[in-house]
Every structure is written in structure tokens, then in C-alpha cells.
Amino acid sequence: MSDQYDFREVEAKWQARWEKDQVHRAQAEAGKSNFYGLEFFPYPSGDGLSVGHFRNYVPSDAACRYRSMRGYNVLHPMGWDAFGLPAEREAIRKQRSPREMVREYAANYRRQLKLGGIAYDWSREINSSDPEFYHWTQWFFLLLYKRGLAYRTNQSANWCPSCETGLAREEVKEGRCWRCGTLIEKKPMPQWFFKITEYADRLLSDLDRLDWPESTKKMQREWIGRSEGAEVVFPIMGEPVSSESMSEGAIHVFTTRPDTLFGATFMVLAPEHPLVETITTASDRADVEAYVEQSQRTSEIDRLSAERTKTGVFTGAYARNPVNGEAIPVWIADYVLMGYGTGAIMAVPAHDQRDFEFARKYDIPIRLVYQIKDGPRTPDEMTEALPEGGVVINSGPFNGLPNNSDTVHAFVKWLETSGMGKGMVMTRLRDWLISRQRYWGAPIPMIHCERCGEVPVPEDKLPVLLPDVQHYEPTGTGESPLAAMPEFVNTRCPQCGGSARRETDTMSGFACSSWYFLRFADPHNDNVFASPEALKTWLPVDLYVGGAEHAVMHLLYARFWTKVMYDARLLDFEEPFLTLRHQGMVLIETPGRRPTSGEAGGEESEETVIDWVVLKPEERGKVPEDEWVWRWAKMSKSSGNVITPDEMAEQYGADSLRVYEMFVAPFEETVQWTDSGIQGASRFLHRVWRLYRDSLVRFTPGWPDEIAASDLSPADRKLRRKLHQTIQKVGQDIEGFSFNTAVAALMELVNEMYAYVQGPGAPGSGRNADVTLSEALDDLALLIAPLAPHLADELREQLGHAGYAYHASWPVFDAAAAVDEEITYVIQLNGKLIDRITLPASTTDEEAKEMAISSDRAVSLTQGKTIRKVIVVPRKLVNIVAG
RNA sequence: GCCGAAGUGGCGGAAUGGCAGACGCGGCUGACUCAAAAUCAGUUGCCCGCAAGGGCGUGGGGGUUCGAGUCCCCCCUUCGGCACCA
């Protein structure tokens, strides 16, 4: 072995060999279990990968490599989420073809990932913008269409004026586009939707059986937002209260509190509610129309920044409360949303805070229908709506019932038998808007025929190719650029043969990512998206790793598509990702400055005060260095703070980078990048190298693995004990995604090995010392293989092993060897540490107790006191309770 | 406002209700060196003490327990998510 660890040479050598021998190719060998490890497939950006991205790929790679060593067939593939807005916008900016650009960027990503030693099966690489791929994206669209799960409608959509496309509700964060932060507008236009709402119940209930972070499951649950209640019908009355004449129609409301029906003293419609037009009385029309117009104009901004003071106007109309026949006024107010429930509510101010505020403001009567012990007895005593609890009052036959779900059910039952309403479940989930009015996506495979209407493209005519064109900028009309390409648009109707127009919207990139994980099982199949055999072998995904930001986008959509495919009998599983883990972010200390007065306030609300602005590279010359303010920030090219895996591999080696990324903090924690940290990891690997370099002469190939403990010196047994404890711990830690403690355990083992070969009394003098050392050298090279694979293979070669750690077996844990021979008991007096005694492992609890009580410290400290009790924790501690 | 996660030395972090601070970074002392780097050895929570030893310590305050970083209640701070969902 060379004197110094030349990591550049070693890593290049092994990367070349892995590639040449196709070491990481997934093969379904019979008799072995299969393991599918996957990371969210990335959009290959022109910025390249940073060490931040590696925090996703590296630990996941370690987990996959470990599975391979544990005897699994491992599928660990990589591909490119190439379609979508980021690629298109960048291509427009650079005046390039997005197809070529993405290919080039993907090649760079591939190079970087290889540089990091990530064990991908590159023979399965996919690109969602390849026709061989989006052929099947379109095929799935048709599948959804045929199953009645895709429809086109003209309802108003979320429109991002900067991205110039409609967006799904999941892509709107706090009223802004999730990508560019632009305020979202409402725009009525024909758009394609997927009926994800039809799967709401299953998407909700199946979460229970997933090994996912609880926070992510919770987010999905809340996003789906299921609530049980009742729909109640309030007939609309004609003119004033006294009249019993009915005007047309009735107001349907959804309520989760049908038990408060007798307390409804007014109703509220959303300003956009269709009935507003018909029920408003002539005298109120002017006010109502003004309000509707105002709420349309300001709704998005207001609903975010306004203090949520309730506003509204009376329509002049009344509705009849079906439970007691009372006429109650109908208002409109923007605190009622058209997008949820029926867009109309019955207002019970006594028991709903929003209704309470509204009633107080507009002087509408409040009626209690629950009496809480020592609570208010009249509305005048109230300062806020009454919470849960109490017994029903003012509610006819229901008076006296307690506030619980049985009472709610009793009301629902009554509504149903009397025909006033019925039980109903409502969800917040909306159907998924899939249309994008942009060029760079999979064309929606539909044809519009004047005679036949909407006609799907026949399956044998797939894929509908995205034309390669020079100009693909948005048209500014709200239509896709494809609409301006007659050669694309004009076609024949597959049904009647007449002239027809192609659908010109493309699909959201989230369509591609809703099924790509299936394609990896069989990526080059031309006849089907993946063969049933390949799917059966590899799917579902055993381990899925990616950022938490997709909790309610990709991760919800992919679950939905999987369930649809399951229902179509294309898959035999209903959940695509069995285990999910989110990696933490990587932050780096970044120079910034105090904001100028213009930046500080801006259009942000007072809650998000900006007190720091990144100093972009081009601005750094303008601010004196002693005025720079350093903060931990995310890496991005525009902030000029990116650390690339390339430079780290060059300076410290890919293995050092890998070990550092795993050691620095628990996997899911945000971490702070430091150079001294990676230096520590590098130092550790060099230390391992020197250990092998200096111990190689003593290495005995084919050391016998069965040597009686009595034939080993105490030092030998100590080393073996540490070794086998480490074998167990590292395995458990990798499985538990606790990579930082796995690295720490390996460091401890290496420290122990150093002590063994060069400490006092060393080098192990017993006759089996070399055997013990050989076992440790052999096993350590395997144990570090998932984390530092290049070094591991090199060390194994130095030890005389052919082949690759990837295909070698994980060391066998010997429980007997790992057992401690001596135990240090802690002696406590009243819970405070007073002494420690080391006793043989065979000591009984009773013996330990006696030894503890009679120890010098215990005797002197308990003098004059009565020992009331002695607690012995087996093999750990003796606590003497005295006083 | 609601929901979730977290708060431990100078720093990153470790710890099935049982020795707080594993492991690493940084610091200090020493060895090697003409010197430096690298490496190695020792040391390193804080306070008092020459020492033996003692006291205090896991965001704050209560509680349960023989024993609490860990469990329970209240509060504070930070980060993430949702935000008039009837």
C-alpha cells in the first residue's frame, strides 16, 4: 500500500471498474428478496448539483448498498424530471431548445452523481421528455379519461400571470405561485382536471399503513380535510318575513354542526354564489353588486393580508329555517368561500366565532342552543362564541341532550327522516388541474371534433409528439403555444374522420412524476409501460427519499395514480411508496447586508419583516466587508454560495464528502456546512488507510472464524467484542436511517483497533492475535463500504479479495462475542452518583446489591442513616435510598 | 390563530426513565521537526479549591418517580406547514 491515501487515484480507479463491470446493475436473481430504493427524480438544472443535493442521494445510496450486502437484489435507478416550467423558462431565457438543454444538464448531473460514487443502475436511466416515456404518460391520461376521472371544464382556475399557465391548488402557497411567488389570479378558461376527489377517502385511510414521517401524513390528512356533517336545505322565501310565498329555489348548506340548527339566525352566501343574482331584492341590489365586485377585485390579496374583519351585505332575501320555520335573513360575505362545501352556510353566531363576530358587527340576533354550566345564559353576557360542551336548549325535542357525537347523529337522523337534509361528508381536497398552457410538457392526447365532441386519441396513435419548434414562448392569449402551430392543431377526428383540432394544453410535470417509478422496473419496454413481471419483481418502492416540500404535491398525486392503476388491475398494490424519508437541508454561512428602507417593508405583511438580504456575488464589491452580515442560508447559484460535490471530491475525496454528509447531523435535520467538518471526515478515512497500511503485514487471509474465547487474550476478546458490537450497531443504524451514529460507531471501532495495535501491551501478543486483527480488518472494510465505497473496495483489494463489496456479504454478527465480560455498576445514594464498581458479568443482582452497600463510599456516606430501600437495575445500577 | 418538529459544552451532535455530553470539530499542553504542515500522546461543561473534594448544570416554572434531557401540566424561543374550510 502506498504510504499516503491517494483518494483521487483510488476513487477514479473504482468508479471506472464499477462502470466497466456493471456492478450496480439491478438483477432479479432467483432466491433473493428484492429491494427498490429510489430518490425523487430531479429536474436537471443548469446550476448542477450542490453538496446540498448530495444529502438526498448519499444516505439513500448507503442504505441501498447496505441492502445489497445483506443479500437483496437492489434496484436503485436515476432519471430526469425533464418536462416542466423551470426547464422551459430557462430555455427561453437562453434561447435554446429545451430538449437539448435538458440533455446537456442531465449529462452533467450524471457525471456528478458518478463522481460521488452513487450506485445507480444507469442502464435504466429515463427522461420524462422522451417520447418513449411520455407515450405512457399520455396512455395513463387516456386511462383516467376512460375511467371517468379526467374531465374538461370552464370553471375559474388559478392562473399565474408570470408563468402564464393555470396551476393546481396544491401549487398555490399563500395565494402565490409556489415556484415564482407571483400573486395568483382567478381566470375562467377551459381546463382539464383529474378527479382526485373521488379517491379522497382512500387517500386518507391508507395513510395509516404507510411508514412515512408523521408530519407528512398529517399534512396530507389536513390537505384532504375530511369532515363529517350534514347538508341542510333552506327554502328561499319571497319578500319580507311575513310572507309565506316561496320564490324559486333553496339554499343548500353544509354544516358540521347540525345540532345547532335551532340557533341559526342568518345565512351567508359566498359572493360568487349563483343564487346571489336571483334572490337579491331590488332595493339591495346596488349594495350587493358593489360588494361582489369589490370582493372579486381584492379577494386574493385581501384574504392573505387583511385582518379578517368580517364584512358583508344583506341581500334583502330571507330563507326559512326548516327545523322551526323561522324566516332568517340571507347575507353575502367573503368569509364564506365558494370553493368549499356548497358556498353557503347557516350562521349560528352563538356557537361559531366567525358568525359571532359577524352578528355582533351587523347587529343580528344571537341565540344560544347550548347551556354550559356557569356559562352565559343570554347573548348579552357573551363576549365570544361558546365552545364545545353543555346541554342542548331552545331546540324543541332535543333539549337536554349533551354536546357529543350521539346528539349530532340524532339531528342528522331527524333531518333525513323529515326530508330536510341528509348526512354528508365534505373534503377540502379539490380536483387536480392538470392542464398547462405551456409548450414543454406532454401533449394531452385529446381531439376536439365539432361533430363528435371530445375524442381521445386512439392508443395505437400514441404518442402525440410534441413538435420540435423554434419558438415556443407563451402566446400571451392564455392559450398554449401549440395552439399557434397549425400543423400540430389540425388533424382528423378518429371517430368520424372529419377535420378536427387537437387539444393544445400540455400536462403538468406532476403527471410524469406520478408514475415514473413504475417505468424504472422495465424502462425500455415499447409495448407496455412496464411488464407485469418486472412490476411484480420490483414494485412497490421499498424506500423513497426526498424533500419534504412535496408532501402534498407529488406524494399525493403519485398515490392517486397508483390507486387508479390498481383499480384498473394494472398493479397489485395500492400504495407506491412503503417507506418515505425526508432529508434535511444544507445551509451555508452566506454574506448579506441589512435591507434598505424600501426593501424592509415592501408588500410583505408586518409578520415577515426582512432584516437580511443576500449579497449576490455581483453586489459584494459595493458593500465594505466589515458591513457584511453572515447568516446560514440555502445554497443557490444566484446567492453565490454553492459548494459543489466536484470541488469537494477534488479537495477531500468523494468518500470524505459522503461520510461528512452522513456524520454531520441526523438525516432529517437541517445542517450547517463547515469546511472543518469535512476535514474531520477526511481525517478519519486517512486514519483508516494508515491502519491498514501498518497492519497489512499481520493480516492472515482465511482466518478461522471459530476460535474458542478461551484461546484469545483479554485484549483480543476486547477487540472482538467491540467489532461485533459495531457490526450490530452499524447495521441497525443504517436500517434506522441513523447514519450519523453509524459513522460514530465506526470511528469508535477504528480508535479501538489503533489502541489494539499500538497501545500499551500491544501488539496483541497472544497466539491468535493476528487472527483477531485479521477478522477486524476484513470486517471493517465491509462495514464502511456503504458509507465510503471506494475506500472499502480498495482496502478489500489490498487484503487480497477479488470482486466488490457491493456483492460481498455483510459481516455476521456474533452475539456471544459481543457480550460484555465485566459490568460497571453505578452506585447511587438517593439517586445521586457516589461511586462505580466493576463486577464480572456473572454477578447476580443480589451480589451486586451487597457489593454496593458494602463499598467504602456507601458505608461512609450512609453512616448514621437508615437504609430504607435498595433498588437494583440489572447490569446497570444500584440506588441506595437512605435518610 | 391552528397543527407539527425542535431547544443539551465554544460548535455539530450522543444518550430503551438509570454514569449527561458518545463521536467529531475547535481550543490548550506536550512529542516529532531547523521550522511549519501532517501525525501521535494528554487535556478540555461551568464554578470553588494547591489538592482530596465539593457545588451547579440538558430554554424557564411546576409535578410524577428511589431516580427525569427523556414522562405529565403551564410558559418562552426557533424552524416548518396550514390559514376565514362552515
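By convention in this document, chain letters (A, B, ...) are assigned in the order of the sequence lines, proteins followed by strands, and residues within each chain are numbered from 1. The figures here come from the full heavy-atom set of this structure, side chains too, leaving out hydrogens, waters and symmetry mates.
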- Centre of A:Y825's six-membered ring, under 6.0 Å away, within 45 degrees of the axis: is that where NZ or CZ of A:R875 sits? no

- Message: Measuring from atom CD1 of A:I184 to atom CZ of A:R169, what distance do you get when rounded to the nearest 0.5 angstrom?
- Response: 12.5 Å

Base paired to [N] (Watson-Crick or G-U; both N/O distances under 3.5 angstrom):
N     : answer
B:C34 : none
B:C23 : B:G12
B:G7  : B:C76
B:C56 : B:G45
B:C82 : B:G1
B:G17 : none

Can you tell me how far [atom1] in [N] sits from the matching atom in [M], rounded to whole Å?
N     : M     : atom1 : answer
B:C79 : B:G10 : P     : 23 Å
B:A41 : B:C23 : P     : 13 Å
B:U64 : B:G17 : C1'   : 12 Å
B:G9  : B:C28 : C1'   : 16 Å
B:U58 : B:A14 : C1'   : 12 Å
B:C76 : B:G49 : P     : 40 Å
B:U70 : B:G63 : C1'   : 15 Å
B:U16 : B:G7  : P     : 13 Å

- Taking B:C23, B:A86, B:G55 as options, the one with an atom nearest any side-chain atom of A:K832 is B:G55

- Selected nucleotide, minimal atom distance to A:M219 side chain, candidates B:G81, B:C66, B:C3: B:G81

For nucleotides 14-21 of chain B, which of its nitrogen or oxygen atoms have a protein nitrogen or oxygen under 3.5 Å away, and what is each distance?
from	atom 1	to	atom 2	distance (Å)
B:A14	OP1	A:N740	ND2	3.0
B:U16	O4	A:K876	NZ	3.0
B:G18	N2	A:Q828	OE1	3.1
B:G18	N2	A:N879	ND2	3.4
B:C19	O2	A:R836	NE	2.4
B:C19	O2	A:R836	NH2	2.6

- Task: Decide, yes or no, whether a salt bridge links A:D820 with A:K718 under the criterion of side-chain N to carboxylate O below 4.0 Å.
- Result: no

- Around atom NZ of A:K217, are there more than 12 heavy atoms of other residues, nucleotides or ligands at under 6.0 Å? yes

Hey, does [X] reach any base, or is it just sugar-phosphate, or nothing, if we go heavy atoms under 4.0 Å?
X      : value
A:G677 : nothing
A:R857 : sugar-phosphate
A:T674 : nothing

- Any A:N751 side-chain N or O less than 4.0 Å from OP1/OP2 of B:G24: yes

List every contact pair, protein side and nucleotides 36-39 of chain B side both N or O, where the distance is under 3.5 Å.
from	atom 1	to	atom 2	distance (Å)
B:U39	O3'	A:R690	NH2	3.2

- Item | Of A:N321, A:V323, A:V253, the residue whose pairing with A:V232 passes side chain to side chain contact (heavy atoms under 4.5 Å, CB included) | A:V253

Given atom [atom1] of [X] and atom [atom2] of [N], what is their separation to the nearest angstrom?
X      : N     : atom1 : atom2 : answer
A:F356 : B:A86 : CZ    : P     : 20 Å
A:W632 : B:U78 : CH2   : P     : 20 Å
A:Y340 : B:C82 : OH    : C1'   : 14 Å
A:D352 : B:C2  : CG    : P     : 16 Å
A:W178 : B:A83 : CH2   : C1'   : 20 Å

- Between A:N830 and A:M747, the residue closer to the 5' end of RNA chain B by nearest nucleotide is A:M747

- Message: Go nucleotide by nucleotide along RNA chain B from the 5' end; which of A:Q679 and A:R428 gets its closest nucleotide reached first?
- Response: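 The residue closer to the strand's 5' end, by nearest nucleotide, is A:Q679.
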
- Query: For the residue pair A:Y335 and A:F358, does the interplanar ring angle fall in the parallel (under 30°), tilted (30 to 60°) or perpendicular (over 60°) class?
  - Reply: tilted

- Aromatic rings A:Y340 and A:F254: how do their planes relate, parallel, tilted or perpendicular, breaks at 30° and 60°? perpendicular

- May I ask you to check whether A:D431 and A:T197 show a side-chain donor-acceptor distance below 3.5 Å? yes

- Side chains of A:E170 and A:W223: do they bring a donor and an acceptor to under 3.5 Å? yes

- Is any side-chain N or O of A:K173 under 3.5 Å from a base N or O of B:C82, one able to act as donor and the other as acceptor?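 No, the side chain and the base share no sub-3.5 Å donor-acceptor pair.
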
- Proximity of A:F7 and A:Y652 rings by center, below 6.0 Å: no

- Ring centres of A:F737 and A:F739 under 6.0 Å apart?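 They qualify: ring centres under 6.0 Å apart.
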
